[in-house]
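When reading the values below, keep in mind they use all heavy atoms of this one structure, side chains included, and skip hydrogens, waters and symmetry mates. Residue numbers run from 1 in the order of the sequence given.
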Amino acid sequence: MKWIGGRESGNVEEGSGGGGGRMALGGGIIGIIGFVIYMFTGVNPTELLNNGSSDQGQTQQVNRKYTPKTEQEKFAAVVFGYTEDVWGQIFQDMGSRYEQPTLHFFTGEVGTEGCGFAASSTGPFYCPGDSKVYIDLGFFEQLQNEFGASGDFARAYVIAHEVGHHVQNLLGTSQKMEQARRQLSETEYNKLSVKLELQADFYAGVWAHYIQQKGLLDPGDIDEALNAASAVGDDRLTQGRVSPDSFTHGTSEQRMYWFKKGYQTGDIKQGNTFASGAVE
Ligand SMILES: [Zn+2]
C-alpha cells in the first residue's frame, strides 16, 4: 500500500497501564459517560478484561494528542487517516456524518474508558463504549511470525476490520446485538457474533475498494488482506469477550468471501450478513 507521505490521522493517542481504577481512568465526565454507555449497551466490562488486576486506584497516563514516532505507528496512523477519508465520504454520500473514532496505542495492558481493562493477548479490539480502536503494535509482528500473514496490507486489514466495528456502532448494529444478547441463548448469540465479525470484514473490504480507486494499492495487497482474514482466528481480533472455546468465528472461507464482496462491490448495502441465508 502506498502510505509514506500519506496524511496521518489526528485522532491518535497513546497510553498503557495495568491495575484497577477502571472508572478513575479518564476521570470525571468521560468516566461517567463510559459508565452510562456500559449501562445502556449492557457491554459487561468484566467480560472484556483480564481479570487478573485488582489493585485499585492506579491510573494510566493517556497522551491525547500523540504524534506517532516509530515506522509502525506512522503506518497505523496513516491507515487510520485513510479510513477516516473513505468512511467520511461514504457517510456523507448517505447524507450522514462519520463521527471519527480514536486510535489508541498501548503496550502490554490498557485501561479503556468503556470496556474495562484488556491485555495485549486479547489482540487489537474496538470498544463501542468509547469509540476507540485499541492496538498493541506488537500484534503486527505476531501477525507475521505466528500467523504467517505478512505484508503491509495484512496490517492495514486488521485496522480496517476494527474500524468496521466502529461503523457498525455508528449504524446501530452493535446496539441491536447487545439487545439480542439479552434475549438469545449463548449458541444463538454466537451465531450472530459470527455475522457481526463477517460484516466487519465486509466493511474492511469496502474500504479497500476505495483505497484501490484512489490508486493506493500495490500488486499483491488484496492477497495479503485475504491471507490475514484467513489466517487469524477472530478471537484474536475481537474484544475477546467470548472465550475461544465457546465462540465459533467465521471460517476462513466466509471471512475471505465477505472481504472480497466488500472489495468488489464497494457498496455497504451489500453487506447484510444478518439476512437469512447470507451466512451458512
Ligand atoms: Zn472483529
Side-chain angles (χ1 to χ4, degrees), residues 1-12 68-90 98 100-106 123-126 132-168 197-234 236-238 252 255-266 268 271:
M1 187 180 66
K2 294 172 178 60
W3 68 273
I4 292 167
R7 180 184 71 85
E8 289 178 9
S9 166
N11 300 308
V12 179
K69 292 178 182 66
T70 67
E71 173 148 332
Q72 294 290 23
E73 287 175 349
K74 287 177 184 171
F75 170 78
V78 169
V79 171
F80 210 66
Y82 285 174
T83 64
E84 289 164 352
D85 296 343
V86 167
W87 287 110
Q89 189 61 53
I90 292 174
Y98 181 64
Q100 298 180 343
T102 297
L103 178 64
H104 184 112
F105 295 132
F106 73 99
F125 64 98
Y126 172 73
K132 293 181 185 181
V133 170
Y134 290 87
I135 187 165
D136 180 333
L137 291 175
F139 181 77
F140 285 167
E141 278 164 48
Q142 217 183 344
L143 193 63
Q144 180 157 344
N145 301 334
E146 284 178 36
F147 299 100
S150 58
D152 60 4
F153 212 68
R155 302 194 291 271
Y157 154 77
V158 168
I159 295 171
H161 172 98
E162 298 309 334
V163 171
H165 286 308
H166 176 66
V167 170
Q168 291 173 322
E197 290 310 321
L198 294 174
Q199 192 178 53
D201 285 333
F202 172 83
Y203 287 151
V206 168
W207 173 76
H209 173 91
Y210 287 98
I211 291 303
Q212 197 270 338
Q213 278 197 346
K214 288 169 189 277
L216 296 169
L217 288 191
D218 290 324
D221 274 352
I222 293 302
D223 288 337
E224 289 172 5
L226 288 170
N227 186 31
S230 148
V232 184
D234 206 65
R236 319 263 338 183
L237 285 179
T238 54
S252 298
R255 304 200 66 180
M256 292 194 288
Y257 171 84
W258 286 100
F259 177 86
K260 229 187 254 175
K261 189 170 181 187
Y263 174 65
Q264 283 162 356
T265 65
I268 64 164

Gap between atom [atom2] of [Y] and atom [atom1] of [X] - 0.5 Å precision:
X    : Y    : atom1 : atom2 : answer
M1   : L217 : CE    : CG    : 8.5 Å
F105 : Y134 : CZ    : OH    : 13.0 Å
R255 : L198 : CZ    : CG    : 7.0 Å
T83  : I211 : OG1   : CD1   : 8.5 Å
D136 : H104 : CG    : NE2   : 10.0 Å
F80  : E8   : CZ    : CD    : 13.0 Å

List the atom of [X], the atom of [Y], and the distance in Å for their closest heavy-atom pair.
X    : Y    : result
A149 : N227 : CA-ND2, 3.7 Å
G6   : Y82  : CA-OH, 3.9 Å
G262 : H209 : O-CB, 3.9 Å
F139 : G123 : CD1-CA, 4.3 Å
V12  : A77  : CG2-CB, 4.1 Å
A228 : A154 : CB-CB, 3.9 Å

Q: Assert yes or no for the condition that the ring centre distance of H166 to Y203 is strictly below 6.0 Å.
A: no

[Y] and [X], any side-chain heavy atoms less than 4.5 Å apart:
X    : Y    : value
I222 : F259 : yes
V206 : I90  : yes
Q89  : Y210 : no
D221 : D152 : yes
N11  : E84  : yes

Q: Please work out whether the ring planes of F140 and F75 are parallel, tilted or perpendicular, with thresholds of 30° and 60°.
A: perpendicular

Q. Under 30°, 30 to 60°, or over 60°: which ring-plane class applies to W258 and F202, parallel, tilted or perpendicular?
A. perpendicular

Q: Sort out for me which residue in W3, W207, Y263 forms a ring pair (Phe, Tyr, Trp, His ring centres under 6.0 Å) with F153.
A: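 That would be W207; it is the only one of W3, W207, Y263 passing the ring pair (Phe, Tyr, Trp, His ring centres under 6.0 Å) with F153.
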
Q | Polar contact flag, side-chain donor to acceptor under 3.5 angstrom, Q168-H165 | A |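 Short answer, yes.
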
(Q) Regarding D85 and K214, does a basic nitrogen lie under 4.0 Å from an acidic carboxylate oxygen? (A)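 The answer is no: the pair does not qualify as a salt bridge.
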
Q. So, does E73 use its side chain to make a donor-acceptor pair with the main chain of K69 at under 3.5 Å?
A.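 Confirmed, E73 side chain pairs with K69 backbone.
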
Q: Test side chain to side chain donor-acceptor pair (under 3.5 Å) on D201 and Y257 and set out the steps.
A: CA-CA 9 Å; D201 285 333; Y257 171 84; over 6 Å; no

